[in-house]
Amino acid sequence: MSFSAGLPIADVVSEVREALASHPLVLLQAPPGAGKSTALPLELLNEPWLAGQKVLVLQPRRVAARAVAARLAAGLGEDVGGTVGYRVRFEARVSAATRLEVVTEGILTRRLQRDPELAGVGLVVLDEFHERSLNADLALALLREVQGALREDLRVLVMSATLDESLPARLGVPFIRSEGRAYPVDVRYLTADPVGRVEDVVAGAVRRALEEHEGDILAFLPGVREIRGALGRLADVNAVVLPLYGDLPVREQGRALLPDPSGRRKVVLATNIAETSLTIQGVRVVVDGGLSRSQVFDPGSGLSRLVTGRVTQDAATQRAGRAGRLGPGVAYRLWSPRTQALLPAARPPEMLEADLAPLTLELAQWGTPDPTTLLWLDAPPAPRVGAARELLTGLNALDDSGRVTPEGARLLEFPTHPRLAHLLSTGANGALAADVAALLEERDPFPVGTGTDLSERVSALRSWRRGEQGRGDVAVLERIERLSKQWRRTRNVPVDNAEPDHLEVGALVALAYPERVALARESTSGLARSGTGRFLLASGQGAALPEGDALAGSRALAVAHLDAGSAGWGQAGGRIFLAAPLDPAVLSTRASWVDAVRWDTRSGTLVAQQERRVGALVLDIRPLRDLPGEQRVEALAAGIRSEGLHLLKFTPEAEQLRARVDSLRHWRPEDSWPDLTDAGLLATLEDWLGPSLTTVRTRDDLARINLLPALQGWLTWPQPQHLDQLAPTHLTVPSGSRVRLEYRPDGQNPILAVKLQELFGLADTPTVNGGRTPVLLHLLSPAGRPVQVTQDLRSFWNSSYFEVRRDLRGRYPKHPWPDDPWTHEPTRFTKKRLT
DNA sequence: CTCTCCCT
């Protein structure tokens with residue numbers, strides 16, 4: 001009997017069977033509609049190599065896991081929970097008879113951690129692998145290690161809906177390709193990229209599509225704001241226009257997904273939730289605005305922010321495909337073919353962009369403190385693993401060598417991010433910890449703009465549990481309670497519905513986000529001490545409450561959610577979305593005294609004090625006695641580097657010394673002269689300037705330092721002697737004058753500016769650098785005005801001299817202008833003085 | 001001018 005009869009996948013079933021018989025890992029590429037998720041697993045249940053063991057099918061989403069299990073069970077003519085079952089968080093439908101188990105990603109990870117041999121499982125199918133979710137990549141890496149070390153007979157089938165040409169080679173495995181089955185979709189582009197807001201452009205395209213085509217329309221916009229805008233612009237069309245996004249209450253989502261009850265045409269304005277997660281019935285036309293919003297994680301601050309960018313090519317393909325499920329469809333792409341060619345093929349794998357703290361803890365528990373040793377498709381980036389380790393070490397989950405501690409193992413018993421697990425594991429009040437962690441994990445039950453105080457949410461959750469009419473989205477509160485209940489069970493504490501102590505809430509938040517405890521900032525005028533709504537976080541970041549927020553009067557906060565701030569926000573830093581007031585005593589318990597020696601730019605002084613600190617927050621100050629010289633030098637050098645070398649005042653002599661040495665560096669690279677350029681001096685401040693800094697405290701002190709001896713001291717024997725020989729400060733000319741040389745950058749010839757009468761009789765241009773470098777002569781009039789620039793004195797006397805003489809003799813009659821400059825006595829005086 | 005989307 002064949003479960004795939006009539007499906008495209010039927011053509012490759014025997015090929016897949018044979019490949020799996022002889023290879024532990026096989027890659028199948030099949031587009032949507034081929035039957036790879038809903039029929040193929042049934043075809044593999046009785047393979048001899050499976051030896052009666054189970055098949056696990058991995059799905060990235062719970063809704064998909066349930067749906068796939070239902071389809072597979074129906075293929076056998078059974079109900080779910082018989083031969084085919086599923087297991088997702090909070091829900092399992094499996095029995096002793098179950099041989100094919102559909103699971104979500106987190107479930108598989110937990111199962112592998114509990115039983116690395118996967119006893120009784122013969123095949124694991126990783127579906128939708130093209131999405132390259134962090135957990136799917138992790139599952140593959142762990143499964144490959146299990147195959148290598150414990151279970152040579154375990155098979156893995158990787159299934160991908162889009163063709164990534166590089167994937168087979170990177171996996172090094174047999175590759176099978178199947179046709180899909182979908183109706184053709186006519187993809188249409190604009191001739192040029194549109195200008196203006198995406199909601200206007202999309203609304204215009206929807207109007208046209210309503211006139212030109214039959215059937216329901218699905219339009220993609222980046223977010224809720226744009227969806228609202230487009231809704232307003234389409235208020236008058238002859239169709240039902242409905243929004244669809246993740247935050248929408250389930251009942252309203254249902255209206256968008258099902259056909260309109262009164263049979264009217266439907267227009268759905270959706271975020272990328274409609275790309276893969278939810279399927280809308282009856283769609284014949286897709287309008288793709290071409291934008292998509294996604295989260296960018298900044299490992300430096302541990303914060304993330306939402307960024308709106310262009311859709312990728314594979315996402316646009318997914319979106320367009322939504323028009324071809326019922327019959328032939330149309331997809332309007334609101335950009336030009338030229339832009340299409342420039343779109344990135346796909347988003348980078350989540351592994352390369354996400355917060356790696358959960359992954360790093362999982363791997364430590366797995367026994368792999370160094371994640372790079374596993375077989376990855378894309379290895380977790382080392383700097384992110386480093387940041388994750390730092391966080392986990394701070395939570396006592398890892399030891400110094402990166403191995404999991406008993407506390408780390410305990411954190412993994414709470415299925416959530418290690419930060420929240422730490423809150424749940426160590427929070428003194430277990431019932432409150434469960435409520436707070438659940439609120440922090442789920443989306444906000446309060447609407448936008450209703451204050452940031454987390455305690456208010458705890459109150460709302462508890463009054464809802466008491467059965468009272470209260471605030472908050474009930475569907476969200478239900479999800480929050482489901483999480484809280486699971487964690488209360490793990491901690492073995494009863495539910496608590498009393499009014500929460502707000503400061504206790506803050507203390508719990510501080511456990512999860514230790515770097516986000518914050519102190520109120522003084523306003524710039526220095527008058528208001530609190531109430532400005534602006535805070536400094538222990539991480540050093542600034543953050544602000546929304547205008548008029550009730551928490552603005554707090555002296556200290558524990559901030560749970562904030563964004564990383566954007567350029568337009570200036571000094572205020574990030575925006576606080578969720579926080580709780582914090583008892584300053586909690587800060588005190590975490591504080592420690594540290595020596596603070598630093599340059600303060602505003603006052604222009606060296607600050608040397610002891611500070612009682614929590615990260616960037618200073619709770620107390622006392623003077624520091626006996627400042628170690630090394631710290632002083634370090635702090636002053638850092639100050640000069642941040643403000644610039646202009647804090648130091650170089651005399652003309654010091655500048656000349658720098659120019660002389662610089663010239664020699666160019667002329668004689670083999671001699672290793674020190675680098676006295678601005679960049680070179682800044683790089684070596686501690687070495688050459690350090691000895692001059694022992695009593696420096698202020699900007700004026702810095703300006704008073706005599707730099708010439710400092711620079712001279714930086715030269716090593718016999719450089720001072722060589723410097724005087726090779727790059728002298730002055731040259732003596734035939735008149736007897738000692739004339740100062742002007743050394744120039746980049747090894748140019750130095751300038752000797754001298755009155756031409758002082759050189760009478762001299763044929764050869766003077767030189768420096770041991771005779772190798774002729775000076776550039778600036779010949780001057782008796783008044784010191786330049787009349788000629790030359791490096792060839794001989795030819796000057798023979799020709800140009802006579803033109804100069806003709807021009808100047810009248811103006812300077814008292815000075816000698818001999819017919820024969822070769823024989824006249826060189827002089828800096830007038831004729832009268834000569835006779 | 002906050003709020004793409006998942007998972008234990």
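Residue numbers begin at 1 in each chain, while the letters A, B, ... track the order of the sequences.
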Are A/N135 and A/S133 close enough that a side-chain donor and a side-chain acceptor fall under 3.5 Å?
no
Could you check A/E362 against A/N272 and say which one's nearest nucleotide on DNA chain B is further toward the 5' end?
A/N272
Under a plain distance cut-off of 3.5 Å, with no hydrogens placed, do A/E481 and A/W464 share a side-chain donor-acceptor pair?
no
May I ask you to verify if any side-chain N or O of A/T271 is less than 4.0 angstrom from the OP1 or OP2 atom of B/dC5?
yes
Rounding to a whole Å, what distance do you find between A/Q365:CD and B/dT8:P?
19 Å
Which sits closer to the 5' end of DNA chain B, A/I107 or A/P222, going by the nucleotide each is nearest to?
A/P222
For A/Q113 and A/Q365, does a side-chain donor sit closer than 3.5 Å to a side-chain acceptor?
no
Base, sugar-phosphate, or nothing for A/V88, non-hydrogen atoms under 4.0 angstrom?
sugar-phosphate
Testing B/dT8, B/dT4, B/dC1 for proximity to the side chain of A/R225, the answer is B/dC1
Can you tell me the distance, in whole Å, between the CG atom of A/L269 and the P atom of B/dT4?
14 Å
Nearest listed nucleotide, side chain of A/R293, among B/dT8, B/dT4, B/dC6:
B/dT4
Give one of base, sugar-phosphate or nothing for A/E105, where a contact means two heavy atoms less than 4.0 Å apart.
nothing
Please give me every residue in residues 55-69 of chain A whose heavy atoms get under 4.0 Å of an atom in DNA chain B, ordered by residue number.
A/P60, A/R61, A/R62
Please state how far atom CZ in A/F220 lies from atom P in B/dC5, giving the value in whole angstrom units.
12 Å
Separation of atom CG in A/L545 from atom P in B/dT2, rounded to whole Å
13 Å
Decide whether A/T308 and A/R293 meet the rule of one side-chain donor and one side-chain acceptor closer than 3.5 Å.
yes
With stacking defined as ring centroids separated by under 5.5 Å and planes differing by under 30°, is A/Y245 stacked against B/dT4?
no
Is the shortest side-chain N/O distance from A/T109 to OP1 or OP2 of B/dC7 below 4.0 Å?
no
Separation of atom CD in A/Q295 from atom P in B/dC7, rounded to whole Å
15 Å
Near DNA chain B, under 4.0 Å by heavy atom, which residues of residues 409-427 of chain A?
A/P415, A/T416, A/H417
Measure from CZ on A/R132 to P on B/dC5 and round the result to the nearest Å.
23 Å
Choose from B/dT4, B/dT2, B/dT8 the nucleotide whose nearest atom is closest to any side-chain atom of A/R575.
B/dT2
Quick one: does A/E407's side chain get under 4.5 Å of A/S425's, heavy atoms only?
yes
Would a 4.5 Å heavy-atom cut-off, applied to side chains only, mark A/R228 and A/E199 as touching?
no
Are A/E441 and A/T416 linked by a side-chain donor-acceptor pair shorter than 3.5 Å?
yes
Would you mind reading off the distance between A/D355 atom CG and B/dC7 atom P, rounded to a whole angstrom?
18 Å
A/V224 has its side chain closest, among B/dC5, B/dT4, B/dC7, to B/dT4
Rounded distance (Å) that lies between atom P of B/dC1 and atom CD of A/E226:
15 Å
Return yes if a side-chain donor-acceptor contact under 3.5 Å exists between A/Y245 and A/Q253, otherwise no.
no
Side chains of A/D355 and A/H417 only: does a donor on one sit below 3.5 Å from an acceptor on the other?
yes
Tell me yes or no: between the side chains of A/R66 and A/Q59, is some donor less than 3.5 Å from an acceptor?
no
